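Here is the structure we will look at, set down as structure tokens.
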Amino acid sequence: MEDLPIEKIAISGPTLASLIQRFSSSPGPIDGLLFGHVSLLTPSTLSDDSSTPSTSTSTSFLPSSSSSSLTLIATITSFLSLSFSSPSGLVNPLVLPPPPSSHLSLLGWFSARRRSPLRPSLREFSASHSLSSLPDLSFPILNFPSSPPSLSSPCIFLLLSSPIHDQSIHTHEYRAYQFRSSSVSFDPKSIDVVNIGPAFRSHYGAFSPNAPFPLLPCELRNSMIEDEKEEKEKEEERLSVTKDQTQLDACAEGFEVGRLSKLMGNEAANYSAGLEDLYEKMLAKIETLARQVEQSSAMVFEQENHNRKLRYKVARFAGSE
């Protein structure tokens, strides 16, 4: 397994945001594992200069002789908050979980601590050295032309920290490193945040779908929604009118609106007896309601007297003690 240098480290925007949120919501420092893949960025060998001899687009790379010309990119796609090392930095392989997916590998780990300098500590150095030296965690590099493909170790270290002094704006700082086993040291690397900012828009410049979506009838859909909404409003209005009519018929004791309308105008003399009957029924209903109110008032008065007697007995019992 060679100790190939990594050109840069890329991390998806949602993954970085989730990691910072996990750090912000934690009561103290946290550690965890980083998952993703390491791929080879093959340089283009095409040339528009006719004076130079044509070269083949497929170049055979020999890791032993041209490893310095290889461009490796480590892409972080997910993380897992987990304490996997001792206070001295020794990694326990038994607590290391498998990657969340078969196409992901363990790239390294991260450490997030508050109000501390943004540089690795002795414990973090020891943990990185211990993690990268485990042979069972080696994984192949994607797009590597040699056979068998070269292997890489979990050598990525991401350090997060908050400002030492209080500031009016809450900020988070982060820095990425590659632990080089050959020199036993940290090598700072640049971080490319994918899918954030205008620089990533160029990735979609030449995008063309393999199976384009059919045109959706948006106008028809909107008209159908409006029709359903209008029909629902009409139904609610019709139910409200029916309910009001039912209440009115109950109050009129069978004298519906159509019959009451005849009590006005030229035909009112023919329905005077009916009007007198309606008044008599209304007076009877008022009298019935008055009796119910009188009975309920008497029951309330009786209950108040009973409560007063109970309070008096309780007071006497408390005074005798």
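Predicted model, so just to flag it, every value in this text is computed and none were measured.
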### Task
Taking all non-hydrogen atoms of both residues into account, name the closest pair between Ser105 and Pro99 and its distance.
CA-CG, 4.3 Å
### Message
With rounding to the nearest 0.5 angstrom, report the OG to CD1 distance, Ser12 to Ile76.
### Response
9.0 Å
### Neighbour count above 12 (heavy atom, 6.0 Å) for Glu235 CD
yes
### Query
Do side-chain atoms of Ser133 reach the backbone of Ser130 as a donor and acceptor pair under 3.5 angstrom?
yes
#### Entry: Nearest-0.5 Å distance that lies between atom CG in Leu19 and atom OG in Ser78
11.0 Å
### Query
Should Ser183 and Arg180 be marked as a side-chain hydrogen bond (donor to acceptor under 3.5 Å, both in side chains) after you check the CA-CA gap, both sets of side-chain angles, and the distance that decides it?
CA-CA 6 Å; Ser183 59; Arg180 302 296 302 274; 5.6 Å; no
### Message
Counting C-beta onward and ignoring hydrogens, is there a side-chain heavy-atom pair between Leu107 and Val38 closer than 4.5 Å?
### Response
yes
### Task
Compare every heavy atom of Ala176 with every heavy atom of Ile9, then report the nearest pair and how far apart it is.
CD1-CB, 3.6 Å
### Task
Start with the C-alpha distance between Val293 and Ser297, add both sets of side-chain angles, then the distance that settles side chain to side chain contact (heavy atoms under 4.5 Å, CB included), and finish with yes or no.
CA-CA 6 Å; Val293 171; Ser297 299; 4.2 Å; yes
### Query
For atom CG of Leu289, is the number of surrounding heavy atoms from other residues, nucleotides or ligands below 6.0 Å larger than 12?
yes
### Task
Mind listing the closest non-hydrogen atom pair of Arg119 and Glu124 along with its distance?
O-OE1, 4.1 Å
#### Entry: Ser153 and Phe179, any side-chain heavy atoms less than 4.5 Å apart
no
### Closest non-hydrogen atom pair, Ser132 against Ser181
OG-OG, 3.9 Å
### Task
May I have all residue pairs that pass ring pair (Phe, Tyr, Trp, His ring centres under 6.0 Å) and include part of residues 281-312, sequence neighbours excluded?
none
### Query
Within the side chain of Thr75, is there an N or O that forms a donor-acceptor pair under 3.5 Å with the backbone of Gly36?
no
### Query
Does Ser18 use its side chain to pair, donor to acceptor, with the backbone of Thr15 at less than 3.5 Å?
no
### Query
Which value, rounded to the nearest 0.5 Å, describes the distance between Leu90 atom CG and His129 atom NE2?
11.0 Å
### Query
What's the spacing between Ile20 CD1 and Glu173 CD if we round to 0.5 Å?
11.0 Å
### Query
Do the side chains of Leu106 and Leu33 get nearer than 4.5 Å, heavy atoms only?
yes
### Query
Given Leu160 and Leu158, is the side chain to side chain contact (heavy atoms under 4.5 Å, CB included) satisfied, shown in steps?
CA-CA 7 Å; Leu160 297 93; Leu158 182 62; 4.0 Å; yes
### Query
Does Leu134 reach the side chain of Leu96, with side-chain heavy atoms less than 4.5 Å apart?
yes
### Message
Let's go through Ile73 and Lys8 carefully: what are the C-alpha distance in whole Å and the side-chain angles of both, what is the deciding distance for side chain to side chain contact (heavy atoms under 4.5 Å, CB included) to 0.1 Å, and is it a yes or a no?
### Response
CA-CA 5 Å; Ile73 299 178; Lys8 66 177 180 179; 3.9 Å; yes
### Query
Would you call Met282 and Glu287 a side-chain contact if the rule is heavy atoms closer than 4.5 Å?
no
### Query
Can you name the residues that form a side-chain hydrogen bond (donor to acceptor under 3.5 Å, both in side chains) with Glu236, not counting sequence neighbours?
none
### Query
Arg311: what forms a side-chain hydrogen bond (donor to acceptor under 3.5 Å, both in side chains) with it, not counting sequence neighbours?
none
#### Entry: Cationic N near anionic O, under 4.0 Å, Lys232 to Glu228
no
### Query
What ring pair (Phe, Tyr, Trp, His ring centres under 6.0 Å) pairs are there with at least one residue in residues 15-40, not counting sequence neighbours?
Phe23-His172
### Validation row, ring centre Phe110 to ring centre Tyr174 under 6.0 Å
no
### Task
Please round to the nearest 0.5 Å and tell me the distance separating atom CG of Leu122 and atom OG of Ser88.
11.5 Å
### Query
Is there a donor-acceptor contact under 3.5 Å from the side chain of Glu233 to the main chain of Glu230?
no
### Task
Go through the steps for Ile6 and Cys155 under the test side chain to side chain contact (heavy atoms under 4.5 Å, CB included), then give the verdict.
CA-CA 10 Å; Ile6 294 177; Cys155 58; 4.2 Å; yes
#### Entry: Closest contact, heavy atoms only, Ser24 versus Arg114
O-NH2, 3.3 Å
### Message
For the residue pair Ser161 / Arg175, report whether a side-chain donor-acceptor contact shorter than 3.5 Å exists.
### Response
no
### Message
Would you say that Leu40 contacts Leu142 through its side chain, given a criterion of any heavy-atom pair below 4.5 Å between the two side chains?
### Response
no
### Student check: side-chain heavy atoms of Lys189 and Gln178 closer than 4.5 Å
yes
### Message
Assess, by modelled atom type and distance only, whether the side chains of Ser126 and Arg123 contain a donor and an acceptor separated by less than 3.5 Å.
### Response
no
### Query
Which pair of non-hydrogen atoms, one from Phe139 and one from Pro154, has the smallest distance, and what is that distance?
CE2-N, 4.1 Å
### Query
Taking only residues two or more places apart in sequence or in another chain, which ones pass salt bridge (charged side-chain N to carboxylate O under 4.0 Å, His left out) with Arg22?
none
### Query
What residues form a ring-ring contact (aromatic ring centres under 6.0 Å, His included) with Phe157, not counting sequence neighbours?
Trp109, Phe186
### Message
Let me check something: do Phe317 and Leu310 share a hydrophobic cluster, defined by ILVMFWY side-chain heavy atoms less than 4.5 Å apart, either directly or through other members?
### Response
no
### Query
Would you call Lys309 and Glu304 a salt bridge, taking side-chain N to carboxylate O under 4.0 Å as the test?
no
### Nearest-0.5 Å distance, OG1 of residue Thr242 to CD of residue Glu237
10.5 Å
### Query
Are Leu4 and Ile141 side-chain neighbours, meaning at least one heavy-atom pair lies under 4.5 Å?
yes
